Amino acid sequence: MGKTILITGGARSGKSGIAETMTLGLGPRAVYIATAEAHDAEMEKRIATHQARRGAEWTTHAEPLDLTEALQATDGQGPRLVDCLTLWLSNLMFSGRDWQEEARAMIAALPAQRDPVIFVTNEVGGGIVPDNALAREFRDAAGLLNQRVAAAVDEVHLAVCGLPLKVK
Amino acid sequence: MGKTILITGGARSGKSGIAETMTLGLGPRAVYIATAEAHDAEMEKRIATHQARRGAEWTTHAEPLDLTEALQATDGQGPRLVDCLTLWLSNLMFSGRDWQEEARAMIAALPAQRDPVIFVTNEVGGGIVPDNALAREFRDAAGLLNQRVAAAVDEVHLAVCGLPLKVK
Amino acid sequence: MGKTILITGGARSGKSGIAETMTLGLGPRAVYIATAEAHDAEMEKRIATHQARRGAEWTTHAEPLDLTEALQATDGQGPRLVDCLTLWLSNLMFSGRDWQEEARAMIAALPAQRDPVIFVTNEVGGGIVPDNALAREFRDAAGLLNQRVAAAVDEVHLAVCGLPLKVK
């Protein structure tokens with residue numbers, strides 16, 4: 001079984017940069033599994049900024065929904081960086097999929113992976129309780145998903161100002 | 001004096017689960033001091049989810065306001081889990097009580113407790129500054145209460161993705 | 001080169017208190033470089049609360065914008081506490097200055113400082129994604145500034161309930 005790592009942190013805490021460094025530390029060629037979809041100009045800019053930072057060691061595999069299949073398809077190509085679980089969750093919820101079942105299947109598929117998998121996720125529960133019921137529901141789901149993935153992986157790190165703090 | 005522990009973390013960071021495990025590690029029978037009041041269906045569902053997870057080792061003592069009295073009344077019945085300080089603060093503020101005085105009295109009562117006390121609290125200061133003055137005032141009070149309790153207890157842990165990170 | 005430290009944390013996490021203690025640990029007399037400007041009564045009250053806590057060991061140097069010049073002007077007067085980087089960023093952005101260039105110059109000036117510099121900053125990326133585009137832009141800039149300063153300084157600590165957690 002390949003090593004599995006979860007990197008969590010707030011917005012702009014440097015979690016993607018930390019995850020990229022850790023992923024390249026596990027193999028000379030790496031696969032970037034992008035769960036983001038560019039729905040507007042702001043999102044396009046964010047995706048382009050992330051891509052510009054990554055170099056020639058990376059191949060990109062875009063997959064907003066079928067993450068388990070993406071992991072199966074890329075196993076054998078080197079360490080995989082999944083960026084990020086929160087957007088995957090958001091995509092599943094918007095598509096009307098059962099995120100709990102999808103997460104269960106994805107976590108159950110991890111032990112059979114030969115190459116490492118590094119997950120990036122977001123801390124979204126650190127602010128004041130949102131006014132909006134949908135935001136609260138999403139925040140709850142994101143926290144539960146993080147807990148389940150954290151329980152399954154080998155290492156968990158919290159990104160603080162671009163630095164990793166080891167939690168597990 | 002019984003051991004005192006504070007578990008802090010964002011929404012859905014797994015802090016209640018961590019606190020329940022730590023509480024049962026300190027005695028075979030435990031008391032759950034619930035500060036939550038079910039004012040609406042969403043809150044009722046949240047309370048029911050938490051209760052369903054706890055087993056037969058637990059007795060529940062509901063007390064939204066008089067926490068110091070609840071600690072006195074339950075001392076001798078095993079470790080107590082207070083879930084949570086942020087709701088207690090919110091209840092005090094809504095009732096027009098002087099939360100600073102109530103917090104001072106509660107903290108002053110801790111050294112006389114024979115059984116352990118485990119507190120759960122929320123990190124609410126990690127987001128962008130709220131637009132709303134009442135939200136900012138509550139956020140400030142919650143942070144101050146957390147600091148005062150943290151200074152008084154034996155151990156402090158930050159919950160990250162369901163895992164405890166020892167701070168004190 | 002004087003020691004450089006960054007203290008980060010959410011609102012009311014006790015970061016200013018931690019920073020003040022660390023600063024006085026580095027010299028008997030200290031300089032408080034205040035980046036805050038009192039634009040309203042709430043802000044005035046916050047500034048007064050912070051000032052009341054500091055004692056006679058402190059002299060105050062107020063500078064909302066020209067932080068590099070403030071560091072040059074106060075070098076030789078003892079350890080400097082800059083409180084805080086997030087307000088400095090906000091002031092630069094409101095004034096239409098190029099914050100990236102100002103930050104670059106400030107960081108480049110650190111190695112020539114003989115007296116220590118302790119920075120306080122805010123974690124603002126821990127909540128749900130803000131609705132407001134300006135809040136998202138500020139949150140991104142604040143996170144990037146934190147990462148750049150964290151990469152340059154000797155130590156980084158995360159304040160949790162008034163307690164420092166060493167990250168670097």
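Convention: sequence-line order gives letters A, B, ...; per-chain numbering from 1. None of the values given here were measured: they were computed from a predicted structure.
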Measure the [atom1]-[atom2] distance between [X] and [Y] for me, rounded to the nearest 0.5 Å.
X: A/Arg12; Y: C/Gln147; atom1: CZ; atom2: CD; answer: 7.5 Å
X: A/Ser13; Y: C/Asn146; atom1: OG; atom2: CG; answer: 10.0 Å
X: C/Glu123; Y: A/Glu123; atom1: CD; atom2: CD; answer: 11.0 Å

Atom NZ of A/Lys3: over 12 foreign heavy atoms under 6.0 Å: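 Atom NZ in A/Lys3 is not crowded, with 12 or fewer foreign heavy atoms closer than 6.0 Å.
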Atom CZ of A/Arg97: over 12 foreign heavy atoms under 6.0 Å: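 Above 12, so yes.
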Portion of A/Leu165 that has a non-hydrogen atom of chain C nearer than 4.5 angstrom: side chain
Nearest heavy-atom neighbours spanning A/Cys161 and C/Ala150: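 Between these two residues, the closest heavy atoms are O-CB, 3.3 Å.
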Engaged part of C/Val167 at the chain A interface, taking heavy atoms whose separation is under 4.5 Å: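 Both backbone and side chain.
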Partner chain A: residue of C/Leu144, C/Leu145, C/Thr121, C/Leu6 with the largest heavy-atom pair count (under 4.5 Å): C/Leu144
